[in-house]
Structures are given as structure tokens and as C-alpha cells.
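Numbered from 1 within each chain, the chains take letters A, B, ... in sequence-line order. No hydrogens, no waters, no symmetry mates; every other heavy atom, side chains included, goes into these values.
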2 protein chains.
Amino acid sequence: MNPLIQQTIGRCREAGLRRTKALEELLATLLESARPMTLAELAASPRLADQCDKATVFRLLQRLIGHGIVRRLGLHERAAYFTLLLPGRHNDYLICTGCGSIEAITAPCPVHELEDEIRAKTGYRNLYHELEFFGLCPHCE
Amino acid sequence: MNPLIQQTIGRCREAGLRRTKALEELLATLLESARPMTLAELAASPRLADQCDKATVFRLLQRLIGHGIVRRLGLHERAAYFTLLLPGRHNDYLICTGCGSIEAITAPCPVHELEDEIRAKTGYRNLYHELEFFGLCPHCE
DNA sequence: GTAATTGCAAATACTTTGCCACGTA
DNA sequence: TACGTGGCAAAGTATTTGCAATTAC
């Protein structure tokens, strides 16, 4: 078995989680996937379908997030966020993981060179990016 | 009235949208907010509450997104994405706006200096970031 | 006058929880 | 044995659509 899985299971054990079939398969699935996955994708993946319920995967993910082993991507837990695109304006954001406050970062964005590089190397068109910083604000601490 | 609103309404008119009260108030709300907002926040905001239905705001946002005047933040339209956090590993992603494919970017991430700067200036703790590039992949074009 | 837009209500989609059975330590 | 974990089903929350009435052009 992949040593990274062993190692990750070890981290889970240290966190107090029990070593179950569902846990092992979930970790293996996430590890084998080179990219973030949705709950539906995970529950439907070969290793987990017929193996365990979607609710189980959901609760496993919750526990793993709580122990810093998995991360949920994106701004907010549920709702979608919309922002106005103004010509010549670009905003990155700083989000508090405690209270959820969002503020725009005015500092120059250091990503444009990498963006040019990606455009050239991959052939993607209409490239743009999103950059968000997350952390606990002084007020929440 | 804020000239930026006038200008943005102009962009909407050029896109073929009708100048309605709801459109004006939505644009003003987004413009006055320094940060991205959810559908619920928008519909409940002073300018829009009692002014128009949530479905109206939703469809306005759709049209504005279609014309590149508004952007919806995040990876996918609906579901949440989860990823394994491996010690010492950091991944940014390249997402196709056409087919939705997601691939990890291995190039060194140029954001860490800015992250240090933010940590120092704002006092946020446990800082981390997410960086995603979006574009149309060669296959979808 | 005509076609885009809106409100209301219903339908979907995704997430989250309750409760009891089960399995790990 | 005891408590974390799992399955099933129901509830909760956010998004999306149908349709008739309204409004901008």
C-alpha cells in the first residue's frame, strides 16, 4: 500500500479517529485524485460506492477537516459569492476563518507572471485567477 | 450618482440589457460593497429588499455574468470541493471554464512573500491561501 | 406592439442531522 | 463493554425554473 496512505492514516489515528474501512478508502481516493473532489464524486468513486453511505463520507470529511487533514475549498460553506468586474480593477481577498469577514487586499498581486507562464505553456484562453487568504483575524482570536 | 455606476450601466446597455430599477440597485449595491456578496445578502440589502424578488436578483446576476460584468467566485457552481492536506505539499489549480476539469499546478507558488506581508501587517493567525486559475482549455475551444 | 423582465410559487440540488444498529479499541 | 462510527431516511438551506403579468424600448 502507498506509504503516504499509511502515513495519513497514522495522522488520523493520532487525532483519535478509528481505523475503519471507510476512512482508509476515503483517504486513498483523495490521495489518488490529483485534484479536489466533491462529496458526490467521492461517494460515487469506485473505492467508496457500495462501500459506504454519502452521509458517512460527509461526516468523515467533517472530522478530517476538524483535524486539519482535509480542507474544504472556497469562500463560504454554502452560498455562492458574486462580485462586480470593473475594468482595470483586480481584487484578492482576506477572509477570517472565524467570523467569515471578507476584505479586499489592495497590495499588488504577485501572480501575473505565473499567469502569463501558464497561458503560454498550457494554451488556455481567457485566463484569469482568484486568490484568497484565510486566517483568524485579531478580533476573533 | 456615482459615475462608476453610470459607466457600468452603460456597459449593461451595450450588452443589450434593459435599464430597470432592479438592475440599477443591484449594480449600486455591488459597487458600494467592497467585497463579494451572496445572493441572499444582495436580496436582503437595503437597496434591493422590498424592491425585487430574490429570483430577479438571481437572474440579473446570471445575465451579468454572461456579459462579463459580474463574476461568480469559486471552483464550481454548486458543490463543495475537498482536498487532502499533505505536510509540505501545496497545490494551486487550473480549472477549465468550459468542461470544468481541474488540474494541479506544480509551478512554485509566488504568493508566499505576500502572505508573510499580510501576516505581519494584519495580525491574522494561521494564515494560508488558495489560488486558482480559470480559462478555456485547448480542448474546449 | 413586442420582447425582455419580474414576481410568486414550485421544483431541484446539495448539505446536514436524528436515531438506532454496528464495530473498533 | 463503551464510545466512536455507519446506514437510512428525513429535514434544512441554497439554487434554479415555469408561467402569467408587467415594463422598457
> Does A:Arg18 make a side-chain donor-acceptor contact with the base of D:dC3, cut-off 3.5 Å?
Replying inline: yes
>> Taking only side-chain N and O atoms of B:Thr20, does any of them lie within less than 4.0 angstrom of OP1 or OP2 on C:dT6?
In response: yes
>> Just the rounded figure in Å: distance from P of C:dT15 to OH of B:Tyr81.
In response: 10 Å
> Hey, is the main chain of B:Leu4 close enough, under 3.5 Å, to the side chain of B:Thr8 for a donor-acceptor pair?
Replying inline: yes
>> If I take atom CE in residue A:Met37 and atom C1' in nucleotide C:dC14, what distance separates them, rounded to the nearest angstrom?
In response: 16 Å
>> Counting only heavy atoms and a strict 4.0 angstrom limit, can you tell me which residues of residues 38-57 of chain B come near DNA chain D?
In response: B:Leu39, B:Ala55
> Got a sec? Which of residues 63-76 of chain A come in under 4.0 Å of DNA chain D, heavy atoms?
Replying inline: A:Arg63
> Does a distance-only test, which skips hydrogens and angles, find a donor-acceptor pair under 3.5 Å between the side chain of A:Arg59 and the base of D:dG7?
Replying inline: yes
>> As a test of reading the structure: which of C:dC19, C:dT6, D:dA14 is closest to the side chain of A:Ala79, going by heavy atoms?
In response: D:dA14
>> Could you tell me how far apart B:Leu23 (CG) and D:dC25 (C1') are, to the nearest whole angstrom?
In response: 15 Å
>> So for A:Arg78 and D:dT13, does any side-chain atom that can act as donor or acceptor lie under 3.5 Å from a complementary atom in the base?
In response: yes
>> Taking the axis from the first five pairs and the axis from the last five, what angle separates them in the helix from C:dG1-D:dC25 to C:dA25-D:dT1, rounded to 10 degrees?
In response: 40°
